[in-house]
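Note sheet for the following structure.
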Amino acid sequence: MPEKKPAQKSTQRKRTTASTSGGFTAEERAAMKARAQELKAEERASKNRAVGEKDLLAAIAGMKGTDRAMAKRLHAIITASAPDLWPKTWYGMPAYAKDGKVVCFFQAAQKFNARYATFGFSDEANLDAGAMWPTSFALKKLTTAEEKKIVALVKKAVR
């Protein structure tokens, strides 16, 4: 009988990254972990506006460059134009809620290594306009024109 050769092992290791396995990226896992922590703290924050604002300001302080500047300015705009919205964090990012439900949020570009930040609205926002309407907006910078649009959208969202 001929002698069997042992099976040859591959010299290349299989890589199982998010891009090849369909799993979550490190940034996505970090966002989910942050959200889990937020859920634990949410009960305290829903009873005390100052706790939610403290968490939101800490999230802003952790941002860099234009993300931080935009988040600070958005905070000022939203608290002035919709004082009934409570500041909080949502997936580690600044958000504003009504009756405990997020209405609008800011997502820093650095969060997912995107080329622009995002300002968006949840389904709790009263922005319905026909059969289709925008719910998020790309932000590269905030000028007076964008600020006016955001004020109008936030006011409409909380009606």
What distance separates [X] [atom1] from [Y] [atom2], expressed to the nearest 0.5 Å?
{"X": "Q107", "Y": "W90", "atom1": "CD", "atom2": "CH2", "result": "9.5 Å"}
{"X": "E53", "Y": "N48", "atom1": "CD", "atom2": "CG", "result": "10.5 Å"}
{"X": "L56", "Y": "R49", "atom1": "CG", "atom2": "CZ", "result": "10.5 Å"}
{"X": "F121", "Y": "T135", "atom1": "CZ", "atom2": "OG1", "result": "9.0 Å"}

Which atom of [X] lies closest to which atom of [Y], heavy atoms considered:
{"X": "M93", "Y": "A108", "answer": "SD-N, 3.3 Å"}
{"X": "G92", "Y": "A59", "answer": "O-CB, 3.6 Å"}
{"X": "R35", "Y": "T89", "answer": "NH1-O, 4.3 Å"}

Report all side-chain donor-acceptor pairs from residues 94-102 shorter than 3.5 Å, counting only partners two or more places apart or in another chain.
residue	atom	partner	partner atom	Å
Y96	OH	H75	ND1	2.9
K98	NZ	V158	O	3.1

Tell me which donor-acceptor pairs under 3.5 Å the side chains of residues 60-69 have, and how far apart each pair is, sequence neighbours excluded?
residue	atom	partner	partner atom	Å
D67	OD1	A109	N	3.1
D67	OD2	A109	N	3.2
D67	OD2	Q110	N	3.0
R68	NE	M63	O	2.9
R68	NH2	A61	O	3.3
R68	NH2	M63	O	2.6

| What pairs meet the side chain to side chain donor-acceptor pair (under 3.5 Å) rule with one or both residues in residues 115-126, with sequence neighbours excluded? |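 Of all non-adjacent pairs touching residues 115-126, none passes side chain to side chain donor-acceptor pair (under 3.5 Å).
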| Candidate pair I150 and S81, rule side-chain contact (heavy atoms from CB on, under 4.5 Å), full reasoning | CA-CA 9 Å; I150 290 168; S81 59; over 6 Å; no
| said: Tell me whether K156 at atom NZ has more than 12 heavy atoms from other residues, nucleotides or ligands lying less than 6.0 Å away. | reply: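 Yes, NZ of K156 has more than 12 neighbouring heavy atoms, counting only those of other groups under 6.0 Å.
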| query | Which pairs pass ring pair (Phe, Tyr, Trp, His ring centres under 6.0 Å) with one or both residues in residues 122-159, sequence neighbours excluded? | reply |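 Checked against ring pair (Phe, Tyr, Trp, His ring centres under 6.0 Å) - neighbours excluded - no pair reaches residues 122-159.
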| request: With sequence neighbours excluded, tell me which residues meet side chain to side chain contact (heavy atoms under 4.5 Å, CB included) with K33. | output: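 K33 satisfies side chain to side chain contact (heavy atoms under 4.5 Å, CB included) with Q37 only.
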| Partners passing side chain to side chain contact (heavy atoms under 4.5 Å, CB included) against A31 (at least two apart in sequence or in another chain) |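 A31: side chain to side chain contact (heavy atoms under 4.5 Å, CB included) contacts with K111, F112.
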| message | Out of the candidates L153, L85, L127, only one should pair with C104 under the side chain to side chain contact (heavy atoms under 4.5 Å, CB included) rule; please name it. | response |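 It is L85, the one option of L153, L85, L127 that forms the side chain to side chain contact (heavy atoms under 4.5 Å, CB included) with C104.
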| request: Please list, chain by chain and in numerical order, all residues satisfying ring pair (Phe, Tyr, Trp, His ring centres under 6.0 Å) with Y91, sequence neighbours excluded. | output: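 Applying ring pair (Phe, Tyr, Trp, His ring centres under 6.0 Å) to Y91 gives none.
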| request: Check whether any side-chain heavy atom of F119 sits under 4.5 Å from a side-chain heavy atom of L142, and report yes or no. | output: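 Heavy-atom side-chain distance check fails, nothing below 4.5 Å.
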| With sequence neighbours left out, which residue pairs that include part of residues 127-142 fulfil the salt bridge (charged side-chain N to carboxylate O under 4.0 Å, His left out) condition? |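 Qualifying pairs, neighbours excluded: none.
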| query | For N113, what residues pass the side chain to side chain donor-acceptor pair (under 3.5 Å) criterion, not counting sequence neighbours? | reply |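 With neighbours one apart ignored, the set is E27.
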| request: Walk me through it: do F105 and L74 pass the test side-chain contact (heavy atoms from CB on, under 4.5 Å)? | output: CA-CA 9 Å; F105 60 90; L74 280 170; over 6 Å; no
